[in-house]
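Next up is a structure, given as structure tokens.
Labels below follow one simple rule: chain letters A, B, ... track the order of the sequence lines, proteins then strands, and each chain is numbered from 1.
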Amino acid sequence: MSHLNILRTYALSDPAKIPSAVLFSNKSTSLTIYDAFPKSIFHFLVLPRMAKEDTTSDLTSLKTVLMGDKAYAKKIISALAGDAKILGDEIEGEMLKRYGFKWDIWTGFHAVPSMKHLHLHVLSTDLCSGRMKLKKHYNSFHPKLGFFLDIDAVLTWFDAEPSYFEGVSKLEAKAYEAILKEDLVCWSCNTTMKNMPTLKAHLQGEWNRQAKLGRKADKGS
DNA sequence: GTTCTAGAAC
DNA sequence: GTTCTAGAAC
């Protein structure tokens with residue numbers, strides 16, 4: 001099975017047939033799976049389910065969905081946002097259970113996805129993971145660089161001027177891919193980091209500090 | 001996505 | 001000399 005099409009396969013599958021190591025939960029319209037290469041302590045993908053005969057819209061990517069019927073696109077993305085919110089609550093529960101405190105979660109799309117079938121990233125903001133290895137991995141989740149598109153921001157596009165919606169929906173690969181090569185900057189403190197090992201040590205330190213403060217606050221309450 | 005590796009950076 | 005990046009091959 002090509003990794004490029006694996007999400008589409010899941011979207012078409014009977015959830016009962018998806019391995020439990022892959023599937024976290026399923027709802028009538030979406031599936032939540034564990035990201036196979038998690039870039040944070042918690043990292044999930046939420047994908048819209050699809051019937052085999054479904055030709056209502058092209059669910060290949062955010063771009064193809066936005067290019068289709070606008071009302072349908074909004075409905076699809078809003079549904080994902082709702083399911084991601086529920087997932088976020090579940091993640092927070094796990095954070096408290098496993099680590100004794102909770103920290104923030106990001107929910108959004110990659111402007112240029114690496115796999116087919118629309119998928120929403122839901123990940124904790126630590127970015128501490130052995131799978132976080134390359135500059136492009138990091139920059140693709142940096143919340144301020146523009147490659148990672150927060151879902152609430154995407155939803156505001158629907159209420160903007162139609163010309164703005166058209167422009168921003170183009171999601172031109174060339175422009176966005178350049179972002180992945182930008183300098184490594186800590187998303188939290190804006191410090192520029194020399195290289196990936198330095199950045200990773202910095203992120204780990206930031207999270208350790210947050211954990212210490214969080215646990216203390218939790219104990220005190 | 002991963003592995004391999006040349007050459008740049010340190 | 002060692003560490004790190006980035007492009008090619010898979």
Can you list every pair that meets salt bridge (Lys or Arg N to Asp or Glu O under 4.0 Å) and has a residue in residues 131-159 of chain A, with sequence neighbours left out?
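Applying salt bridge (Lys or Arg N to Asp or Glu O under 4.0 Å) to every pair that reaches into residues 131-159 of chain A, excluding sequence neighbours, yields K74(A)-D159(A).
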Over all strands shown, is M115(A) touching base, sugar-phosphate only, or nothing at heavy-atom distances under 4.0 angstrom?
nothing
Atom-to-atom span, NZ of K194(A) to C1' of dA9(B) - whole angstrom:
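So the NZ-C1' distance, K194(A) to dA9(B), works out to 10 Å.
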Looking at H121(A) versus H119(A), is the centre-to-centre ring distance below 6.0 Å?
yes
Is it true that a side-chain atom of H43(A) and a backbone atom of S124(A) form a donor plus acceptor pair closer than 3.5 Å?
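Not confirmed, H43(A) side chain does not pair with S124(A) backbone.
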Distances for protein N or O near nucleotides 1-8 of chain B N or O, under 3.5 Å:
residue	atom	partner	partner atom	Å
dG1(B)	OP2	H137(A)	NE2	2.8
dT2(B)	OP1	R131(A)	NH1	3.2

Please confirm whether the backbone N or O of M132(A) pairs with a side-chain atom of K200(A), one donor and one acceptor, at under 3.5 Å?
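Yes: the side chain of K200(A) pairs with the backbone of M132(A).
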So which atom in L62(A) and which in L118(A) form the shortest heavy-atom distance, rounded to 0.1 Å?
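Result for this residue pair: N-CD1, 3.5 Å.
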